[in-house]
Amino acid sequence: MMWRFGLVESTFAPMLTSHWALAAVLCLPLLFGALAAIFPPKRMWPVALACVPILVAGLYLLIDTLQADLLRWQWEFSGVSIAFRLNGLSILLLLLTQWLGAAAALYTPGLLRISEPERFARWLWPLIGTVISALSLAWLATDLLTLYIALEMMGLAAVAMLLLSGKVAALQAGMRYLLLTLVGSLAYLLGVALVVGYWGQLDLAGLAQVMEPGPVAWMAAALMGAGLALKAALFPLHGWLSPVHASAWTPVSALHAGLVVKASLFVLLQLWSLLLPDTFWAPRLIAWMGMLAIVWGGLIAWRAESLKTLVASSTVAQLGYLMVVFPLLIGPDISPLARALAWEGFWLQLMGHALAKAAMFMAAGNLILATGETTLKGLAGTSRRLPLSLLVFGVASVTLMGLPPSAGFTAKWLLLHAMVVSQQWLAVAALLVGTLLTAAYIFRFFRYSFMETAPRQRYQPLAPGMDMIALCLALAAFVLGLLAHFPLELLQGGSA
C-alpha cells in the first residue's frame, strides 16, 4: 500500500558517517542539555555553538536522504534487534524539530536573564534536550516499543518543564497533565499488548505483512487511538491544554504547541494506516470531531480574555484542520489524486503551524514579559512601544489564517483541492469557517493593541534577540509557502 510511511526495505546502505550523524541527532541534545544544567549559559552564543553540530548532523542526513528514498539502520544486541528508518517525511520532521529546538534554546537565556530567577531554572536545559531527542526518536522509530519509549520520554519531560515555574496554577495544571498522559500511555500499551499477543509482532514492517482486519485490529486501534488523541489534545480530549500553557514559560509553550502534540498525531496516523486500512467509520469520526474542533477552538479563542488562552485555544482549532483530513488519507474510495493532495497538504499544514505557533507563543511571551499584563485589555496600546513583537504576531497570524503566500495558504489550497475532488463538502465548509474565525480572534487582539486611547504604561526592555528569534520562525512559516516545492518533493519519498 502506498501510504504506509515507507515501511519497506531499502537497498541503500548508510555510510559509516551516517551512523555518526544519527548518533549526534539522538544523543547530542541530551549531552548538551546535561552540560547546560551544570554550567548554565548566560548568553546566546554558547547555546548557538552547541546547536551547530546537531544542525550539521541533520543537514548531513538530509543529503543522504536526497540520494535515496529510504535509509535504514539496524543493530543486533543479544538477540534484540534495534532499527531506525529515515525517509522524506521523517527528515522534514527531524529538521523541523532541530530548528524549533534551537530557536527555543536560543530564546531561553534572554528569558531567564530578565525574568525573576527560579530555583529550578537550570533544569530547563536537560528537559529541552530530552524533548528534542525523544521527538527525533519518534520520527525514526520502526516498532511499537521504540515509539512508546519516545512518547514517554517526551511526555514526562514536557510535564517536568511545565512544573519548573513553581506556581500553584502551574503545579495543578502540570499534575493534571501528568495524570492524563499516563492514562494515554496505559491505553496505548493495552493496544500494543493486543497486537503482540495476537500477531506476535512489534516491528511495523512485519506487522504490515501479517495484520488482518478484524475485531482485534479494531480494538487495538481504538485503544491506541484514544491514548494518542489524549496526548495530542485532539477535540474533545483537549481540556488540559489551555491551563497547561497559562503558566508555562515561553520556550516550553513554543516547543509543546509546535512539536509535542504533533508527535502523538504522527504516531496515530502511522498506526491507523496499518490497523485500519480502508476503514470507513473511524477516520470519519476523527473528521467530524475535527470539524467541531475548528468551530469550538475558534469560538473559545474569539471570546478569550487572556492572550495565552487565545493562542492555546487556537491550537485546538488548528489541529482540527489536520483531523478533518483523516478520511482522505486512510479512508476507502478516495482517488489517487485526492489522496496525494491530502498527503502533501496535511504535512505542509503541520509544519507551517509548528513554525507559526512557536513564533506566536514567543511574541505573546515577549508582550507579557515587557508589560506584566496577561489579558487583552491589559495589553491595549502596546503598538506604541512593542511594534516588533506585534509584527511577529501578525506575520505568524498570516500563516494561521492561510493568507498567501504563506505555508498556511499553500497547505489549505492543497487540502481544499483534495476535498473538492473527493466531494467532501462539509470539510470544505469547516475550513472556510475556521479561516473566518481565525481572522476574527486575531483582529480582536490587534484592535486592543492599536487602541490609541489606552493609558500609557511602563515597559520592561526585552533581552537582545528575543524578538528576532520569534521573527525568524514567523518568516520561516511565511517563506515555506513560497518554497513549498522542496518539502513536497521530499514528501513524495515519505509516502512511498
Side-chain angles (χ1 to χ4, degrees), residues 3-7 26 83-87 89-94 96-97 130-158 180-196 201-208 211 217 219-234 237-238 255-277 279 282-283 286 289-290 319 322-323 325-326 329-330 343 346-347 349-351 353-354 491 494-495:
W3 305 94
R4 292 198 177 177
F5 292 78
L7 297 179
L26 293 176
F84 299 111
R85 62 95 177 90
L86 189 69
N87 57 15
L89 172 61
S90 299
I91 190 62
L92 284 175
L93 296 175
L94 187 65
L96 178 68
T97 299
T130 301
V131 167
I132 295 171
S133 291
L135 284 164
S136 302
L137 184 61
W139 312 139
L140 295 165
T142 62
D143 62 83
L144 297 173
L145 182 59
T146 305
L147 286 172
Y148 170 73
I149 293 172
L151 290 172
E152 282 303 286
M153 285 176 57
M154 179 185 66
L156 294 177
L180 292 176
T181 196
L182 290 177
V183 171
S185 299
L186 177 60
Y188 175 85
L189 279 178
L190 289 174
V192 171
L194 277 177
V195 169
V196 175
Q201 289 283 346
L202 280 172
D203 179 68
L204 297 181
L207 181 61
M211 196 279 304
M219 182 62 69
L223 288 169
M224 292 180 181
L228 293 169
L230 186 59
K231 288 175 174 287
L234 301 185
L237 304 176
H238 66 284
L255 278 178
H256 194 276
L259 292 171
V260 171
V261 295
K262 308 296 195 314
S264 298
L265 188 63
F266 167 83
V267 176
L268 174 61
L269 182 59
Q270 185 174 12
L271 295 181
W272 273 23
S273 67
L274 294 176
L275 296 171
L276 300 174
T279 301
I286 294 292
M289 293 297 101
L319 289 175
L322 303 177
M323 296 166 66
V325 190
F326 266 61
L329 295 177
I330 59 177
W343 173 267
F346 181 93
W347 297 111
Q349 170 70 14
L350 184 147
M351 290 184 286
H353 175 264
L491 284 172
S495 65

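Every value quoted in this text rests on a predicted model; they were computed, and no experiment measured them.
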Counterpart residues, ring pair (Phe, Tyr, Trp, His ring centres under 6.0 Å), relative to H353 (two or more places apart) = none
Using a cut-off of 6.0 Å, state whether more than 12 heavy atoms not belonging to M219 lie near its atom CE.
-> no
At what distance, to the nearest 0.5 angstrom, does CE of M154 lie from CG of L135?
-> 5.5 Å
Start with the C-alpha distance between L230 and T181, add both sets of side-chain angles, then the distance that settles side-chain contact (heavy atoms from CB on, under 4.5 Å), and finish with yes or no.
-> CA-CA 7 Å; L230 186 59; T181 196; over 6 Å; no
Go through the structure and list residues passing salt bridge (charged side-chain N to carboxylate O under 4.0 Å, His left out) with K262, not counting sequence neighbours.
-> none
Non-hydrogen atoms of A220 and G191 that approach each other most closely | CB-O, 3.8 Å
Is there side-chain contact between L228 and L271, with at least one heavy-atom pair below 4.5 Å?
-> yes
Using ring pair (Phe, Tyr, Trp, His ring centres under 6.0 Å) as the criterion, point out the one residue from W347, F84, F266 that pairs with W139.
-> F266
Write down the atom of R85, the atom of S90, and the distance for their closest heavy-atom approach.
-> NH1-OG, 3.1 Å
Sequence neighbours excluded, every pair satisfying salt bridge (Lys or Arg N to Asp or Glu O under 4.0 Å) that has a member inside residues 133-148 = none
For V260 and V131, what are the C-alpha separation, side-chain angles and deciding distance, and is it a side-chain contact (heavy atoms from CB on, under 4.5 Å)?
-> CA-CA 8 Å; V260 171; V131 167; 4.0 Å; yes
Within a strict 4.5 Å, meaning less than it, do heavy atoms of the L180 and L237 side chains meet?
-> no
What are the two closest heavy atoms between L274 and A208, and how far apart are they?
-> CD2-CB, 3.7 Å
Note: G225 and L268 closest approach over all heavy atoms is CA-CD1, 3.5 Å
Evaluate the side-chain proximity of Y148 to V267: yes if any heavy-atom separation is below 4.5 Å, no if none is.
-> no
Apply side-chain contact (heavy atoms from CB on, under 4.5 Å) to L26 and L140, showing your working.
-> CA-CA 10 Å; L26 293 176; L140 295 165; 3.9 Å; yes
For the residue pair G258 and A354, what are the closest heavy atoms and their distance?
-> O-CB, 3.1 Å
Going from CG on L265 to CG on L350, what distance comes out if it is rounded to the nearest 0.5 angstrom?
-> 6.5 Å
Heavy-atom pair of closest approach, residues V196 and Q201 = CG2-O, 3.9 Å
Start with the C-alpha distance between L147 and L137, add both sets of side-chain angles, then the distance that settles side-chain contact (heavy atoms from CB on, under 4.5 Å), and finish with yes or no.
-> CA-CA 8 Å; L147 286 172; L137 184 61; over 6 Å; no
Check the angle between the aromatic planes of F346 and F326 and answer parallel, tilted or perpendicular using the 30° and 60° thresholds.
-> perpendicular
Decide yes or no for L94 and I91: does some side-chain heavy atom of the first lie under 4.5 Å from some side-chain heavy atom of the second?
-> yes
Under a 4.5 Å cut-off applied to non-hydrogen side-chain atoms, are L234 and M289 in contact?
-> no
